[in-house]
Asks: 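A single structure is presented below for examination.
Being a predicted model, the structure only gives us computed values, none of them experimental. In what follows, every chain begins at residue 1, and chains take the letters A, B, ... in the order their sequences are listed.
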Amino acid sequence: MIKDYFLNKIENAIKDAIAAGKLGEMKEYKAGTLNTERPKNSDFGDFAINVSSLARFARMAPPQIANAIIEFVDKEDNEYNVIGGFINFKTGEKLLKETVQEIFQKDKNFGKPENVKTEKIILEYVSANPTGPFHIGHGRWAAMGSVLANLLKFYGHDVYQEFYINDAGSQIQKLGNSLKIRIQQELGEDVDFPTDEVERKNYYPGDYLIPVAKKYLETHKGLPDDIQELCDFAKEYEEKVQRDLLEKFRVHFDNFYSELTLHKSGKVDECVQKLKNSGKIYQKDGADWFKSSDFGDDQDRVIKKADGSNTYLTADIAYHIDKLERGFDRMINIWGADHHGYVARVKASIEALGDNPDKLEILLGQLVNLVVNGNEVRMGKRKNMVTLEDLIDEVGVDATRFWMSMRNIDTTLDFDIELAKTNSDENPVFYVQYAHARACSILRNAVEEKLDTETGAKIPAPITKDELDELINSYKPETIVPTIDTAKKLILKLEEYKSMIKNSAETRQVYTICRYVQELAGEFHSFYNANRVISEDKDLMKSRLALVIAVKKVLNNALDLLAVTAPERM
RNA sequence: GUGCUUGUAGCUCAGUUGGAUAGAGCGUUUCCCUCCGAAGGAAAAGGCCGUGCGUUCGAAUCGCAUCAAGCACGCCA
């Protein structure tokens with residue numbers, strides 16, 4: 001990366017300057033003291049390093065330090081200048097040429113970090129109850145999780161994507177009871193869900209169970225003897241609905257892990273036993289309590305209820321222990337912010353059982369607000385909800401994925417459904433896709449012969465297909481030279497892809513990919529407007545075509561990570 | 001009441017581990033197609049970085065307090 005190259009040059013110069021006794025009282029330089037930043041004013045340079053923090057070691061004024069350091073820099077063809085305590089760096093032709101060459105050489109692997117520590121990671125996200133369709137909030141976890149998986153894989157990690165099915169517990173009974181009412185209604189019986197608010201909470205009164213009831217009656221004559229049969233039927237049906245939608249949304253899990261199997265296999269009981277053995281369990285009011293407050297939780301938690309059954313937390317602990325036993329170095333979970341209270345207690349259990357709680361990394365995502373006509377619509381969970389499928393059908397997979405991924409996970413996401421579906425030019429995903437389509441269009445035009453509108457004579461293509469293929473397949477660094485001055489900002493933006501990827505993967509913030517891709521598209525549009533690609537000057541044309549190809553490649557790579565399509569035409 | 005997250009331009013948001021004159025998109029105003037896609041570009045206007053103290057050479061960034069918004073505080077899952 002150019003910024004690391006620059007930092008390295010400066011750090012080496014500092015060491016030489018110290019050895020030469022030019023940095024006052026400074027005796028040694030500790031790596032990591034300085035870092036590169038973006039100059040406020042791009043006239044100063046492409047990158048900058050502020051050496052003010054060395055002042056207290058050297059006991060010299062920052063400008064003097066900067067000037068002392070710069071004497072020892074191996075400058076090659078790059079420009080260095082000092083303003084105050086800043087050393088500014090202007091990228092020379094060599095580095096720019098190498099960047100474009102690297103894009104051609106590495107192609108799909110351009111930007112893959114080198115010499116980084118990689119891990120075996122289990123990434124768990126969505127993990128919904130199989131009791132109904134996904135709502136919009138699930139869409140955010142699905143989009144962000146799948147992008148994060150793509151990103152971490154590209155980074156070099158071994159990533160295993162898992163969906164934890166909450167298919168044990170009372171909500172499945174609720175589901176069965178609700179289906180029973182829907183079936184009775186289908187059979188013409190005069191029954192309905194309770195109107196009493198407290199009673200009603202034992203049911204899912206949403207319409208979505210009506211088709212399930214119809215489906216059930218296709219193969220059954222009436223209600224079964226055992227309500228459990230309805231529970232299982234509805235659960236399997238909803239699971240299928242969820243999986244089909246995930247597929248449609250380009251989200252692929254390696255495994256769906258059923259909570260029920262966790263109970264049946266005895267792993268939950270095993271887990272309780274292990275906790276007991278750890279000595280962190282005590283009895284109170286007939287229940288077993290886990291002393292999680294010993295590990296930073298606010299209070300202790302019930303692990304086994306007075307009636308002998310396990311709590312949801314118990315199963316969750318068993319699940320995370322199981323993940324560790326499967327040999328993962330790191331567990332990353334994406335949870336809704338409404339579950340933040342669970343972080344401390346699950347981490348506490350890992351520590352209590354003698355493993356490192358830092359292996360569990362929980363990304364808490366703020367919720368999604370639906371905005372319709374400028375007004376926030378509260379997400380009623382069961383009534384009048386807009387499902388993820390409704391949203392995808394209205395605005396499309398690409399726009400939904402992009403919008404769901406484009407914000408910092410710490411901020412609530414306002415999803416303006418009208419904006420996303422009706423007003424395409426305000427929609428960033430179209431802006432980016434347009435840039436890609438435009439690049440493709442230029443490449444098409446470059447090899448197309450045209451007809452003169454007046455004479456009807458054929459005008460030969462600006463460049464032959466073979467010449468274009470040769471440009472792509474055996475790209476030479478010199479090719480870019482004729483346009484390198486006008487393309488500098490664009491090339492630097494392409495180069496930034498490398499640091500963006502590294503940063504995004506390490507901070508787990510996938511929205512930076514969305515931001516980057518908009519910025520790259522913007523730089524490309526600017527370049528396009530300022531410079532004519534197809535022209536008489538063949539060397540100039542080739543250099544610009546090479547740049548167009550490079551932009552297309554990087555846009556493609558970035559959009560691949562987002563699993564958003566890169567259209568050839570729009 | 002306690003904890004977590006957020007507060008930056010009219011709106012939606014960036015701000016890369018504390019640095020130069022706080023940045024983008026949308027909206028507003030003005031320009032740019034005889035020519036590769038104007039679904040684009042160039043430019044202008046627009047700011048008490050919620051508020052108040054503090055830390056230091058330096059704070060949107062760190063600390064404390066305070067105000068506002070969202071979420072969570074079950075032997076539910």
Side-chain angles (χ1 to χ4, degrees), chain A residues 3 32 35-41 44 48 50 52-53 55-56 61-62 83-86 88 129 131 166-172 174 201 259 284-289 298-299 301-313 315-316 336-344 364-367 369 371 374 406-414 416 419 423-428 430-431 433-435 437-446 448 462 499-500 502-504 507 509 511-512 515 518-519 521-522 524-535 541 544-545 548 569-570:
Chain A
K3 63 180 208 170
N35 60 337
T36 56
E37 52 194 82
R38 297 301 282 275
K40 290 292 175 204
N41 185 336
F44 294 159
N50 186 334
S52 302
S53 55
R56 61 199 165 101
I83 303 173
F86 288 90
N88 295 301
N129 294 334
T131 55
N166 291 136
D167 57 357
S170 59
Q171 80 276 15
I172 298 300
K174 274 168 69 172
K201 283 193 175 150
E259 180 188 350
K284 195 177 90 179
D285 305 329
D288 287 349
W289 293 70
D298 305 337
Q299 54 180 26
R301 309 291 170 180
V302 170
I303 217 78
K304 199 182 246 314
K305 301 182 223 170
D307 67 7
S309 63
N310 295 312
T311 61
Y312 173 77
L313 173 66
D316 216 18
D338 52 340
H339 288 84
H340 81 258
Y342 266 78
V343 175
L364 290 172
Q366 297 297 314
L367 306 175
N369 281 324
V371 177
M406 69 189 273
R407 295 286 177 237
N408 187 320
I409 195 167
D410 285 337
T411 65
T412 47
L413 175 71
D414 285 333
D416 191 326
L419 205 77
N423 203 342
S424 58
D425 68 318
E426 285 180 33
N427 196 334
F430 287 110
Y431 180 78
Q433 290 182 317
Y434 178 60
R438 178 177 253 179
C440 293
S441 169
I442 295 169
L443 296 175
R444 278 195 303 270
N445 281 315
E448 217 166 67
S499 49
M500 182 280 292
K502 189 161 187 287
N503 185 263
S504 186
T507 60
Q509 285 279 22
Y511 76 93
T512 51
R515 284 188 59 76
Q518 291 176 72
E519 288 167 7
F524 177 62
H525 288 310
S526 293
F527 177 81
Y528 171 89
N529 271 275
N531 305 285
R532 200 177 156 74
V533 176
I534 295 171
S535 65
M541 173 166 66
R544 291 188 174 153
L545 282 173
V548 171
R569 13 169 86 89
M570 293 173 75

Asks: To the nearest Å, give me how far apart OH (A:Y528) and P (B:A39) are.
Replies: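 My rounded result for the distance is 10 Å.
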
Asks: Distance between the P atoms of B:C26 and B:U21, in whole angstroms?
Replies: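 Approximately 28 Å lies between the P atom of B:C26 and that of B:U21.
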
Asks: Quick one: label A:H525 by what it contacts on the DNA or RNA (base, sugar-phosphate, nothing), any heavy atom closer than 4.0 Å.
Replies: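 Sugar-phosphate: the residue A:H525, judged by heavy atoms under 4.0 Å, touches backbone atoms but no base.
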
Asks: What is the distance, rounded to the nearest whole Å, between atom NZ of A:K3 and atom C1' of B:U17?
Replies: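 Answer to the nearest Å: 10 Å.
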
Asks: To the nearest 0.5 Å, how far apart are CG in A:L443 and CG in A:L545?
Replies: 6.5 Å

Asks: Using the C1' atom in both, what is the distance from B:C49 to B:A24, to the nearest Å?
Replies: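 Their C1' atoms lie roughly 16 Å apart.
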
Asks: When the C1' atoms of B:G47 and B:C13 are compared, how many Å lie between them, rounded to an integer?
Replies: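 After rounding to an integer number of Å, I get 15 Å for this pair.
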
Asks: In Å, rounded to the nearest 0.5 Å, how long is the span from CD of A:Q366 to CZ of A:R407?
Replies: 14.5 Å

Asks: A:Y342 side chain N/O closer than 4.0 Å to the phosphate oxygens (OP1, OP2) of B:C73?
Replies: no

Asks: Does A:M500 reach a base, just sugar-phosphate, or nothing at all? Heavy atoms under 4.0 Å.
Replies: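 Counting heavy atoms under 4.0 Å across all strands, no contact is made by A:M500.
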
Asks: Who passes ring-ring contact (aromatic ring centres under 6.0 Å, His included) against A:Y511, sequence neighbours left out?
Replies: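 Counting only residues at least two positions away or on another chain, A:Y511 forms no ring-ring contact (aromatic ring centres under 6.0 Å, His included).
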
Asks: Stepwise, does the salt bridge (charged side-chain N to carboxylate O under 4.0 Å, His left out) test hold for A:R444 with A:E448?
Replies: CA-CA 6 Å; A:R444 278 195 303 270; A:E448 217 166 67; 5.7 Å; no

Asks: Just how far, in rounded Å, is C1' of B:A14 from CG of A:N408?
Replies: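 Rounded to whole Å, this separation is 10 Å.
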
Asks: Look at the side chain of A:R301 and the backbone N and O of A:L313, then say whether any donor-acceptor pair between them is shorter than 3.5 Å.
Replies: no

Asks: Please report the shortest heavy-atom distance between A:I172 and A:N166, naming the atom on each side.
Replies: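 Scanning both residues, the minimum pair turns out to be CD1-O, 4.5 Å.
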
Asks: Look through every strand shown and name the nucleotide pairing with B:A68 as Watson-Crick or G-U wobble, where both distances are under 3.5 Å.
Replies: B:U6

Asks: Which nucleotide, if any, forms a Watson-Crick or G-U wobble pair with B:G63, using both distances under 3.5 Å?
Replies: B:C53

Asks: Looking at CH2 of A:W289 and CD1 of A:I303, how far apart are the two atoms once the value is rounded to the nearest 0.5 Å?
Replies: 10.5 Å

Asks: In whole angstroms, how far is the P atom of B:C13 from the CD atom of A:Q509?
Replies: 14 Å

Asks: Look at all strands and tell whether A:R38 reaches a base, only sugar-phosphate, or nothing, counting heavy atoms closer than 4.0 Å.
Replies: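 Contact class for A:R38: base.
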
Asks: A:N531 near the nucleic acid: base, sugar-phosphate alone, or nothing, with a heavy-atom cut-off under 4.0 Å?
Replies: base

Asks: Within the structure shown, what part of the strands sits under 4.0 Å from A:K502 by heavy-atom distance: base, sugar-phosphate, or nothing?
Replies: nothing

Asks: In whole Å, measure the gap between the P atoms of B:A42 and B:G52 for me.
Replies: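 Straight-line distance between the two P atoms is 37 Å.
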
Asks: A:D338 has an atom CG; how far is it from atom C1' of B:C71, in whole Å?
Replies: 7 Å

Asks: For a quick check of understanding: with a heavy-atom distance under 4.0 Å over all strands, which category does A:S170 fall into, base, sugar-phosphate or nothing?
Replies: sugar-phosphate

Asks: Is the aromatic ring of A:F44 within stacking range of B:A20, meaning centres under 5.5 angstrom and planes under 30 degrees?
Replies: yes

Asks: Which listed nucleotide (B:A20, B:G19, B:C75) is nearest to the side chain of A:W289?
Replies: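 Out of B:A20, B:G19, B:C75, the nucleotide with an atom closest to A:W289's side chain is B:C75.
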
Asks: Paired with B:A39: which nucleotide, if any, by Watson-Crick or G-U wobble criteria at under 3.5 Å for both distances?
Replies: none

Asks: With rounding to the closest Å, how many angstrom separate the C1' atoms on B:U28 and B:U66?
Replies: 36 Å

Asks: Would you say B:U17 has OP1 or OP2 under 4.0 Å from some side-chain N or O of A:N35?
Replies: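 Looking at the OP1 and OP2 atoms of B:U17, one of them is under 4.0 Å from a side-chain N or O of A:N35.
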
Asks: From C-beta outward on A:R444, which listed nucleotide comes closest to its side chain: B:A77, B:G37, B:G19?
Replies: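 Out of B:A77, B:G37, B:G19, the nucleotide with an atom closest to A:R444's side chain is B:G37.
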
Asks: Hey, could you give me the CZ/SG distance between A:R569 and A:C440, rounded to the nearest 0.5 Å?
Replies: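 A:R569 atom CZ to A:C440 atom SG measures 9.0 Å (nearest 0.5 Å).
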
Asks: Do any side-chain nitrogens or oxygens of A:R515 fall under 4.0 Å of OP1 or OP2 in B:U16?
Replies: no

Asks: With both distances under 3.5 angstrom, what nucleotide forms a Watson-Crick or G-U wobble pair with B:G25?
Replies: B:C11

Asks: To the nearest 0.5 Å, how far apart are CG in A:N88 and CD in A:E37?
Replies: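 Interatomic distance, A:N88 CG to A:E37 CD, rounded to 0.5 Å: 9.0 Å.
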
Asks: On the six-membered ring of A:Y528, is A:R438 placed so that its NZ or CZ lies under 6.0 angstrom from the centre and within 45° of the ring axis?
Replies: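 Ring-cation test returns yes.
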
Asks: At under 4.0 Å, does any side-chain N or O of A:N445 touch on OP1 or OP2 of B:G37?
Replies: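 Checking B:G37 against A:N445, a side-chain N or O does come within under 4.0 Å of OP1 or OP2.
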
Asks: From C-beta outward on A:I534, which listed nucleotide comes closest to its side chain: B:A77, B:C36, B:C75?
Replies: B:C36

Asks: Using a heavy-atom cut-off of 4.0 Å across all strands, would you classify A:A337 as base, sugar-phosphate, or nothing?
Replies: sugar-phosphate

Asks: Could you tell me the separation between the NZ atom of A:K502 and the OG1 atom of A:T512, rounded to the nearest 0.5 Å?
Replies: 13.0 Å

Asks: Compare side-chain N and O positions of A:Y431 against OP1 and OP2 of B:G37 and report whether any pair is under 4.0 Å apart.
Replies: no

Asks: Which value, in whole Å, describes the distance between the P atoms of nucleotides B:U29 and B:A38?
Replies: 23 Å

Asks: Want to settle it: does A:S52 or A:L364 sit nearer the 5' end of RNA chain B, counting the closest nucleotide to each?
Replies: A:L364

Asks: Contact class for A:R569 vs. all strands (heavy atom < 4.0 Å): base, sugar-phosphate, or nothing?
Replies: base

Asks: Under the ring-ring contact (aromatic ring centres under 6.0 Å, His included) rule, collect the residues that match up with A:H340, sequence neighbours excluded.
Replies: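 Expected list: none.
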
Asks: Pick base, sugar-phosphate or nothing for A:D285, based on heavy-atom distances below 4.0 Å to the nucleic acid.
Replies: base

Asks: Do we count A:F86 as stacking onto B:A20 if the rule is ring centres under 5.5 Å and planes under 30°?
Replies: yes

Asks: Please determine whether a side-chain nitrogen or oxygen atom of A:K305 lies at a distance below 4.0 Å from atom OP1 or OP2 of B:A77.
Replies: yes

Asks: In whole angstroms, how far is the C1' atom of B:C11 from the CG atom of A:D414?
Replies: 11 Å

Asks: NE2 of A:H340 versus C1' of B:U5: gap in Å, rounded?
Replies: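 Distance, rounded to whole Å: 9 Å.
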
Asks: Can you tell which of B:G19, B:G15, B:C36 lies closest to the side chain of A:Y511?
Replies: B:G15

Asks: When the C1' atoms of B:U61 and B:G25 are compared, how many Å lie between them, rounded to an integer?
Replies: 23 Å

Asks: Just to be sure I understand the rule, does A:A437 reach a base, reach only the sugar-phosphate, or reach nothing, if contact means heavy atoms closer than 4.0 Å?
Replies: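 The residue A:A437 makes base contact.
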
Asks: What nitrogen or oxygen pairs link the protein and nucleotides 42-47 of chain B at under 3.5 Å?
Replies:
from: B:A42; atom 1: OP1; to: A:S526; atom 2: OG; distance (Å): 2.9

Asks: Can you check the distance between B:A14 and B:G54, where both ends of the measurement are the C1' atom (answer in whole Å)?
Replies: 28 Å

Asks: Using heavy-atom distances to pick each residue's nearest nucleotide on RNA chain B, tell me which of A:A168 and A:N529 is more 5'.
Replies: A:N529

Asks: Counting side-chain heavy atoms from C-beta on, which of B:U6, B:A77, B:A38 comes nearest to A:D410?
Replies: B:U6

Asks: Could you state the CG-P distance from A:N88 to B:U21, rounded to the nearest angstrom?
Replies: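 A:N88 atom CG is separated from B:U21 atom P by 13 Å.
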
